[in-house]
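We count residues from 1, following the sequence as given. Please read all numbers here as calculations on a predicted model, not as lab measurements.
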Amino acid sequence: MRLLLLVCTLFVLTSCGNKKITASSPEKFDMEVLADVIAQQDLENIYPEAQIANGSEFFEEGTVERSYSILYPHSTDKILVIWKDPERTELHQIYLDGKSRWRSKTGIHIGTTYDELVELNGAPVKFYGFGWDYSGAVDWNKGGLENSNIRVFLEPTVAPPRDFYTDKVIETTEDEIDNLKLRVRAIILQQPEVTGNN
């Protein structure tokens, strides 16, 4: 009886792990799932209702022109896909900055608090100052998310002190962090660079 129960449990777990994503799957709003769908070149089948809008623009502080696609451009589920190539076949990164159904599989979403971020990372995080292009960028500080492809940007919900407007890592106390009431304002899923000889 116990053996039968164990076999059934393993079957269920395996089935869940291999679940195929379809256009009606709620998991399709995980940023990592979107990246997988793009890699499989199945974007229009899984997101048929996304009304994808395409264009090109300068990114990376205005230094690189890249093609982009916006899924759900006229809804709260808007999300930006930035491509490596003009043909839009190779993913560079996925950028999210609005409250929506989108989130990372790590559990991070727009509005995640600083304390929640520390808990998900399993270690304190550092962050850069405010008032520049990479305002509030998080350093995972060798925590559990250090080797993830997720980059996160924080914003204070109250006005920070003047010396917090800098492009350097903020040296601060726990009380100062608490007073800032930091929340995630943007998430980037960065496609890892492929290295090695081809």
Side-chain angles (χ1 to χ4, degrees), residues 30-32 34-35 38 55-71 73 76-86 90-100 102-195:
D30 288 346
M31 295 173 74
E32 292 86 347
L34 174 57
I38 288 169
S56 64
E57 193 173 311
F58 282 90
F59 294 90
E60 296 165 39
E61 298 187 282
T63 60
V64 180
E65 185 175 10
R66 293 193 185 275
S67 296
Y68 67 81
S69 299
I70 302 174
L71 279 68
T76 55
D77 286 326
K78 179 170 70 173
I79 192 166
L80 177 65
V81 175
I82 304 170
W83 304 97
K84 288 182 181 178
D85 59 324
E90 281 191 83
L91 176 64
H92 174 58
Q93 62 183 210
I94 298 170
Y95 179 86
L96 177 67
D97 67 356
K99 283 193 174 182
S100 67
W102 292 102
R103 60 185 54 235
S104 164
K105 279 186 176 180
T106 59
I108 301 169
H109 57 87
I110 301 301
T112 295
T113 66
Y114 175 86
D115 289 340
E116 290 169 336
L117 209 59
V118 168
E119 186 175 343
L120 290 167
N121 188 45
V125 300
K126 297 179 180 178
F127 59 94
Y128 285 77
F130 309 109
W132 62 300
D133 283 1
Y134 298 110
S135 177
V138 164
D139 178 340
W140 295 122
N141 198 25
K142 299 182 180 176
L145 297 175
E146 179 76 27
N147 296 318
S148 72
N149 297 323
I150 293 291
R151 296 173 62 196
V152 170
F153 302 84
L154 294 167
E155 67 178 354
T157 56
V158 298
R162 186 183 298 272
D163 57 351
F164 280 33
Y165 288 93
T166 176
D167 61 358
K168 296 178 173 52
V169 172
I170 296 291
E171 297 295 334
T172 185
T173 66
E174 288 186 19
D175 285 344
E176 287 175 317
I177 290 174
D178 288 344
N179 290 339
L180 290 172
K181 302 190 184 310
L182 296 166
R183 294 186 180 276
V184 171
R185 69 166 177 86
I187 306 168
I188 291 177
L189 177 64
Q190 183 72 44
Q191 189 68 7
E193 295 296 327
V194 177
T195 58

From Val125, Asn141, Ile177, residue fulfilling side chain to side chain contact (heavy atoms under 4.5 Å, CB included) relative to Val118
Val125
If we only count heavy atoms from C-beta on, is the Ile150 to Leu145 side-chain gap below 4.5 Å?
no
Can you confirm whether Glu119 is buried at CD, in the sense that more than 12 heavy atoms of other residues, nucleotides or ligands lie under 6.0 Å from that atom?
no
Under a 4.5 Å cut-off applied to non-hydrogen side-chain atoms, are Tyr95 and Tyr68 in contact?
no
Hey, is the main chain of Lys181 close enough, under 3.5 Å, to the side chain of Thr157 for a donor-acceptor pair?
yes
With sequence neighbours left out, write down each residue that passes salt bridge (charged side-chain N to carboxylate O under 4.0 Å, His left out) with Glu176, or none if nothing qualifies.
none
Main-chain N/O of Ser100 paired with Asp77 side-chain donor or acceptor, under 3.5 Å
no
Nearest 0.5 Å please: distance from the CG atom of Asn121 over to the CD atom of Glu146.
8.0 Å
Would you say Phe153 and Ile188 make side-chain contact, with heavy atoms under 4.5 Å?
yes
Run Trp102 and Ile110 through side chain to side chain contact (heavy atoms under 4.5 Å, CB included) and show every step you take.
CA-CA 8 Å; Trp102 292 102; Ile110 301 301; over 6 Å; no
Beyond-backbone contact of Phe127 with Asp139, side-chain heavy atoms, under 4.5 angstrom
no
Are any non-hydrogen side-chain atoms of Pro156 and Phe164 less than 4.5 angstrom apart?
no
Between the side chains of Glu60 and Thr63, is a donor N or O closer than 3.5 angstrom to an acceptor N or O?
no
Is the number of heavy atoms from other residues, nucleotides or ligands under 6.0 Å of Asp163 CG greater than 12?
yes
CG-CG distance between Asp30 and Leu189, expressed to the nearest 0.5 angstrom
10.5 Å
Validation row: Val184, His109 side chains within 4.5 angstrom (heavy atoms):
no
